[in-house]
*Asks:* 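Shown below is the structure under consideration.
Note: hydrogens, waters and symmetry copies are ignored here, and every other heavy atom, side chains too, is used. A note on names: the letters A, B, ... follow the listed sequences, proteins ahead of strands, and every chain is numbered from 1.
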Amino acid sequence: GESVGLHLPTLSVQEGDNSIINCAYSNSASDYFIWYKQESGKGPQFIIDIRSNMDKRQGQRVTVLLNKTVKHLSLQIAATQPGDSAVYFCAESASYGNNRLAFGKGNQVVVIP
Amino acid sequence: DAGVTQSPTHLIKTRGQHVTLRCSPISGHKSVSWYQQVLGQGPQFIFQYYEKEERGRGNFPDRFSARQFPNYSSELNVNALLLGDSALYLCASSVGQNSNQPQHFGDGTRLSIL
């Protein structure tokens, strides 16, 4: 399929190492955040979400950290595997009566075997 | 369980034509949203529909319209196609209309305008 990650910031990581992907969001009214993974030729796949009343949430091999003071979100992937190679997007939404998501620019992660 | 399904997967049209894209949400999900993803960028919000009513609209011209059916499936229509409409069109579903629920995406329809 066509490359989703054309001209995106790229993080190259050795298989087995931990990955950290950062995201700055713009809307101080945003109260819900999601990380998505998108592989070539596919739609975004939900990874993990976090509400603004939390600053950390853990899933399987993934942790999301939220710093509302500086409007920063990060995704940590433990023991990165080749299947983690993809483009990662953060998305934010605010309670405006709909569930509109605003996506960040995306980060390409390349796992080196 | 089936995820969000979209049809067709690929479509080629010429300028000036119109197109209808279809989406079936995850079973039990009542909200459907449409996004446009241009190559190399993140998805951009077009519409949200919940219980057959439009709940939100992004910054897209009136050539873009959508509707939701009683079974919660949805159609996105685009009239008078322009070259710039070439993109991946994504449908996402969620249980309700609120902003603090995860949205799950289909694999999209790749629309190419010649």
*Asks:* I'd like to verify something: which residue of Pro43(B), Gly56(B), Ser33(B) has the highest number of heavy-atom pairs under 4.5 Å with chain A?
*Replies:*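 Most heavy-atom pairs within the cutoff with chain A belong to Pro43(B).
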*Asks:* Is chain B contacted by the side chain of Tyr36(A), its backbone, both, or neither, given a heavy-atom distance below 4.5 Å?
*Replies:*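 Just the side chain, heavy atoms under 4.5 Å.
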*Asks:* Please round to the nearest 0.5 Å and tell me the distance separating atom CG of Asp107(B) and atom CD of Glu39(A).
*Replies:*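 Here the interatomic distance stands at 9.5 Å.
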*Asks:* Going from NE2 on His104(B) to CD on Gln45(A), what distance comes out if it is rounded to the nearest 0.5 angstrom?
*Replies:*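 Between atom NE2 of His104(B) and atom CD of Gln45(A) there are 10.5 Å.
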*Asks:* Ignoring hydrogens, what is the shortest heavy-atom contact between Leu90(B) and Gly43(A)? Give both atom names and the distance.
*Replies:*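 Closest approach of Leu90(B) to Gly43(A): CD2-CA, 3.9 Å.
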*Asks:* Is the shortest heavy-atom distance from the side chain of Leu101(A) to the side chain of Tyr35(B) under 4.5 Å?
*Replies:*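 Answer yes - side chains close enough.
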*Asks:* Do Tyr32(A) and Pro102(B) come within less than 4.5 Å of each other through their side chains, counting heavy atoms only?
*Replies:*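 In contact.
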*Asks:* Are Val95(B) and Ile26(B) connected into the same hydrophobic cluster when the rule is that any two of I, L, V, M, F, W, Y join if their side-chain heavy atoms are below 4.5 Å apart?
*Replies:*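 No, Ile26(B) and Val95(B) fall in different hydrophobic clusters.
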*Asks:* Starting at CZ of Phe103(A), measure out to CD of Gln37(B) and round the result to the nearest 0.5 Å.
*Replies:*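 Here the rounded value is 8.0 Å.
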*Asks:* Does Lys105(A) NZ have over 12 foreign heavy atoms under 6.0 Å away?
*Replies:*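 For Lys105(A), atom NZ is not crowded (no more than 12 foreign heavy atoms under 6.0 Å).
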*Asks:* Is Ile46(B) close to chain A through its backbone or its side chain, or both, or neither, when contacts mean heavy atoms under 4.5 Å?
*Replies:*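 Neither part.
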*Asks:* How far does NZ of Lys42(A) sit from CZ of Phe105(B), to the nearest 0.5 angstrom?
*Replies:*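 Here the rounded value is 15.5 Å.
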*Asks:* Is it the case that atom NE2 in His72(A) sees more than 12 heavy atoms from other parts of the structure closer than 6.0 Å?
*Replies:*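 Yes, the 6.0 Å shell around NE2 holds more than 12 heavy atoms from other groups.
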*Asks:* Work out which heavy atom in Gly96(B) is nearest to a heavy atom in Asn99(A); give both atom names and the distance.
*Replies:*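 Closest approach of Gly96(B) to Asn99(A), heavy atoms only: O-ND2, 4.2 Å.
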*Asks:* Tell me whether Leu83(B) is reachable from Ile12(B) by hopping between hydrophobic residues (I, L, V, M, F, W, Y) whose side-chain heavy atoms are closer than 4.5 Å.
*Replies:*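 The answer is no; the residues belong to distinct hydrophobic clusters.
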*Asks:* Taking atom CG of Asn59(B) as the centre, does the number of heavy atoms from other residues, nucleotides or ligands within less than 6.0 Å exceed 12?
*Replies:*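 No, because the 6.0 Å sphere around CG of Asn59(B) holds 12 heavy atoms or fewer from other groups.
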*Asks:* Contact between Arg100(A) and Arg55(B) at the side-chain level, heavy atoms closer than 4.5 Å - yes or no?
*Replies:*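 Of all side-chain heavy-atom pairs linking Arg55(B) with Arg100(A), none is under 4.5 Å.
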*Asks:* Are Ile47(A) and Met54(A) connected, step by step, through hydrophobic side chains (Ile, Leu, Val, Met, Phe, Trp, Tyr) whose heavy atoms are closer than 4.5 Å?
*Replies:*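 In one cluster: yes.
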*Asks:* Check this for me: Arg15(B), atom CZ, are more than 12 non-hydrogen atoms of other residues, nucleotides or ligands nearer than 6.0 Å?
*Replies:*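 12 or below, so no.
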*Asks:* Gln101(B) versus Ile34(A): any side-chain heavy-atom pair under 4.5 Å?
*Replies:*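 Counting from C-beta outward, Gln101(B) and Ile34(A) never come under 4.5 Å.
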*Asks:* Flag yes if Phe46(A) and Leu75(A) sit in one hydrophobic cluster, no otherwise; membership is Ile, Leu, Val, Met, Phe, Trp, Tyr, and two members link when side-chain heavy atoms are under 4.5 Å apart.
*Replies:*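 Phe46(A) does not cluster with Leu75(A).
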*Asks:* Is Ala91(A) close to chain B through its backbone or its side chain, or both, or neither, when contacts mean heavy atoms under 4.5 Å?
*Replies:*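 Neither part, no heavy atoms under 4.5 Å.
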*Asks:* Work out which heavy atom in Leu8(A) is nearest to a heavy atom in Gly40(B); give both atom names and the distance.
*Replies:*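 Heavy atoms of Leu8(A) and Gly40(B) come nearest at CD2-O, 3.5 Å.
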*Asks:* Any link between Tyr25(A) and Ile50(A) through a network of hydrophobic side chains (Ile, Leu, Val, Met, Phe, Trp, Tyr) touching at under 4.5 Å?
*Replies:*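 Yes.
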*Asks:* Please classify the contact between Gln103(B) and chain A as side chain, backbone, both or neither, with a heavy-atom cut-off of under 4.5 Å.
*Replies:*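 The answer is both parts of Gln103(B).
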*Asks:* In terms of heavy-atom proximity below 4.5 Å to chain A, should Thr9(B) be classed as side chain, backbone, both, or neither?
*Replies:*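 Neither part.
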*Asks:* Of the non-hydrogen atoms in Arg51(A) and Asn100(B), which two are nearest, and what is the gap between them?
*Replies:*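 Heavy-atom minimum between the residues: NH2-O, 2.7 Å.
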